[in-house]
Amino acid sequence: MSSSFQIPPSQKRSSIYYIRNETNEPRDSPSSSSGIHEPKSAPLARPPTWEGKDSIKSGSVRSFSTSASRSTPRPTLLFAIASDDPKEVERVLEHGNGGLTGPIDANDTIGPQAQSALEFTLENEGLKHKLGIVKKLLGYGADPSKAKLNDSTSNDDAELDPATSSSWNNITSTFRYYLNRADTATTRRIDALMKRSVFRPLVRMRFGIIGQDRALEQLYRVLSIHSEKISKSPVVVFLCGPSGHGKSMLAHQFGLLLEVPIHTVNMTTLRSADDIWRSYSISSDEDATPCTLVEFLANNEGKRCVVVLDEIEKTESKALWSLLVPWELGRCTFEANSRTIDVRNVIWVGTSNIGNALILDYHKSLQRPEEMLTRNEYVELMGTLRPHVSDQLGASVLSRVSAILPFVPFTTAEKRAIASEFLQESAAEHLVQELSREQRERVVEDSLEDFVPSEGARSLYRAVSNLLIDSMDF
């Protein structure tokens, strides 16, 4: 069976690559004689080998402006994107090509049109996981302005106005949101702050969740202090606020982005101080060996790792007492006669609904509640929330916490992006595909009317799901 690797030259700025099976096509067919072949299959998966001008397995390489030669660098990022696998794109951006072609940058030009990787991805309609790939590219520093879609005239923290080009108008609210987020004054300040930090991979968090820009900004400030050895205590962060606003999602990204082990404790099951050390992780890491928190800390002694204390307020207050010394000195002893374990490099992240009503009431009192909080407003909210948490968990616990980060209700643009992303990645793919672009946009807009601040994103997921069900034609 023979297959050739081609790009239809007649397609306007087409950048996707296809594998074509020509076994059953007559050689004298009109399409063959003209040299124009219409793509008939899925986007090209990344070939396992690169052999210069000769072949990729049984397929030949065409489409570059000049004939490839044996000295041509392997277009790894191009193939990673064409594989339609965000994890493969991340692998290439993180680890490159094993030194064969030097470092790979998210702003490298690729493809026959010499487009930026971001523009190349956005214009390819054959990519099923386009959003995931775009988020990976942005997370590794892809410049939105090189995609010729963003309005580069705005340099404020406010939401960017859409450009007037048809290209911009043809992308969904979710793409628009992430492209805007990558190019704000706050983003540039954070990049400068974290440039030399050991926690720098965590800046990619902003492309893993929607909203909570001020919480992320404050988190990066706290981490920069620990990165500079200004603080000798472990990092202890509490994420507080209404349900469905990304607290647990953000907490679990610490381990993923830093590529370190993570142990998640379900605090609702604890009744004593000893229970916390005997608890097994509820993390969904299939590769992790089941172990208690004591074993996890002993196995990772002195190393960077993450412990998530989920729903921390839903346990007996005395269950937290055994955490006082570890959070203060970075060392802990689990039994009277056992040795001391070094936990100074552990990142402790607690999630809680404490202050739910306080945060919602504060948000309602703002003059512009549908816009992102200013830095001063967020600092004021943090100051208001801390004594409230202290009253519930105790001053001895709170005095050892590095930062309490309020999670606030979403802005209109953020709600629209959440609904749009959920629709794009819906399990009911066949229903979504049957809707026109206008119908999909209507589903997103209608779902906003059913947003419940106390439920957050979950209320939008439910609204979109119900609207999809209503669209079914029996």
Side-chain angles (χ1 to χ4, degrees), residues 46 76-97 103-110 115-122 124 127-147 149-150 160 171-217 219-220 223-224 227 246 249-260 262 306 347 413-414 417-418 420-421 424-425:
R46 185 180 66 83
T76 311
L77 183 56
L78 172 68
F79 284 141
I81 294 172
S83 76
D84 202 8
D85 184 356
K87 289 184 178 180
E88 178 65 9
V89 174
E90 181 177 32
R91 185 196 67 77
V92 167
L93 291 171
E94 182 70 31
H95 303 292
N97 190 27
I104 294 177
D105 190 278
N107 290 301
D108 287 347
T109 56
I110 60 175
Q115 298 168 280
S116 71
L118 190 57
E119 184 180 15
F120 175 92
T121 303
L122 287 168
N124 280 311
L127 294 173
K128 184 177 179 181
H129 301 102
K130 182 190 297 188
L131 179 60
I133 295 173
V134 166
K135 290 197 287 185
K136 295 299 182 185
L137 291 170
L138 291 173
Y140 280 87
D143 185 355
S145 65
K146 292 187 177 181
L149 293 171
N150 250 0
L160 299 178
I171 64 174
T172 66
S173 300
T174 311
F175 286 104
R176 211 173 282 141
Y177 171 81
Y178 285 117
L179 290 167
N180 279 329
R181 195 176 206 183
D183 191 29
T184 66
T186 298
T187 297
R188 290 188 287 274
R189 286 196 301 269
I190 289 171
D191 286 343
L193 180 68
M194 300 290 286
K195 186 173 184 179
R196 295 179 178 83
S197 172
V198 296
F199 299 108
R200 177 164 177 75
L202 295 181
V203 299
R204 300 200 296 275
M205 280 180 170
R206 57 184 176 235
F207 303 108
I209 67 169
I210 291 175
Q212 311 311 332
D213 293 76
R214 293 304 178 193
L216 288 173
E217 180 184 5
L219 173 64
Y220 296 140
L223 293 176
S224 68
S227 184
M249 186 181 296
L250 179 62
H252 286 90
Q253 286 198 33
F254 276 86
L256 293 174
L257 293 176
L258 292 176
E259 296 183 341
V260 298
I262 182 171
V306 178
I347 300 175
E414 290 164 357
I418 291 169
S420 178
E421 182 167 3
Q424 287 176 246
E425 299 180 349

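Because the structure is a prediction, the values reported are computed rather than measured.
Interatomic distance, L219 CG to M194 CE, rounded to the nearest 0.5 Å: 7.5 Å. Taking CD1 of I104 as the reference point, atom OH of Y140 lies at 12.0 Å (rounded to 0.5 Å). In this structure, I110 CD1 and F79 CZ are separated by 10.5 Å, a value rounded to the nearest 0.5 Å. Here the CE atom belonging to M205 is positioned 9.0 Å from the CG atom belonging to L256, to the nearest 0.5 angstrom. Between atom CG of residue D85 and atom NZ of residue K136 there is a gap of 10.0 Å, rounded to the nearest 0.5 Å. To the nearest 0.5 Å, the span separating CG on L257 from CG on L202 amounts to 6.0 Å.
Checked by atom type, the side-chain pair S197/R200 shows no donor-acceptor distance below 3.5 Å. No side-chain N or O of Y177 forms a donor-acceptor pair with one of E421 less than 3.5 Å apart. Side-chain N/O atoms of S145 and D143 include a donor and acceptor closer than 3.5 Å. Q424 and T172 form a side-chain donor-acceptor contact under 3.5 Å, judged by distance and modelled atom types alone. Checked by atom type, the side-chain pair S420/T174 shows a donor-acceptor distance below 3.5 Å.
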Hey, mind stepping through L137 and L93 against side-chain contact (heavy atoms from CB on, under 4.5 Å) and telling me if it holds? CA-CA 8 Å; L137 291 170; L93 291 171; 4.0 Å; yes
Take Y178 and L131, measure what side-chain contact (heavy atoms from CB on, under 4.5 Å) needs, and give me the verdict at the end. CA-CA 9 Å; Y178 285 117; L131 179 60; 4.1 Å; yes
Given side-chain contact (heavy atoms from CB on, under 4.5 Å), test E414 with Q212 step by step and report yes or no. CA-CA 10 Å; E414 290 164 357; Q212 311 311 332; 6.0 Å; no
Working for side-chain contact (heavy atoms from CB on, under 4.5 Å), residues I81 and E88: CA-CA 8 Å; I81 294 172; E88 178 65 9; over 6 Å; no
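With hydrogens and angles disregarded, a donor-acceptor distance shorter than 3.5 Å links the side chain of Q253 to the backbone of G208. The backbone N or O of D183 lies less than 3.5 Å from no partner atom in the side chain of T187, so there is not a single donor-acceptor pair. Side chain of N124 to main chain of F120: a donor-acceptor pair is present (N/O by atom type, distance under 3.5 Å, no hydrogens or angles).
Of all the heavy atoms in L77 and D105, the pair that sits closest is CD2-O, 3.8 Å. Residues V306 and G255 share a closest heavy-atom pair of CG2-N, 3.9 Å. Taking both residues in full, the closest heavy atoms of V92 and A80 are given as CG2-CB, 3.8 Å, listed atom of the first, atom of the second, then distance. Considering every non-hydrogen atom in both G141 and A106, the closest pair reads C-CB, 4.3 Å. The minimum heavy-atom distance between A182 and L138, with the atom names listed, is CB-CD2, 3.9 Å.
The closest side-chain heavy-atom distance from F199 to I347 is below 4.5 Å. Here the side chains of R204 and E90 are in contact, with some heavy-atom distance below 4.5 Å. Residues V203 and L216 have side chains not in contact (no heavy-atom distance under 4.5 Å, counting atoms from C-beta outward). Taking the side chain as every heavy atom from C-beta outward, F254 and I262 never approach each other to under 4.5 Å.
Ionic pairing of D108 and K146 is not present here: no N-O contact between side-chain nitrogen and carboxylate oxygen is shorter than 4.0 angstrom. A salt bridge between E94 and R91 is absent, with no side-chain N of the basic residue lying under 4.0 Å from a carboxylate O of the acidic one. A salt bridge does not link K130 with D84: none of the charged nitrogens is closer than 4.0 Å to a carboxylate oxygen.
Remark: D213 engages R181 in a side-chain hydrogen bond (donor to acceptor under 3.5 Å, both in side chains) (not counting sequence neighbours).
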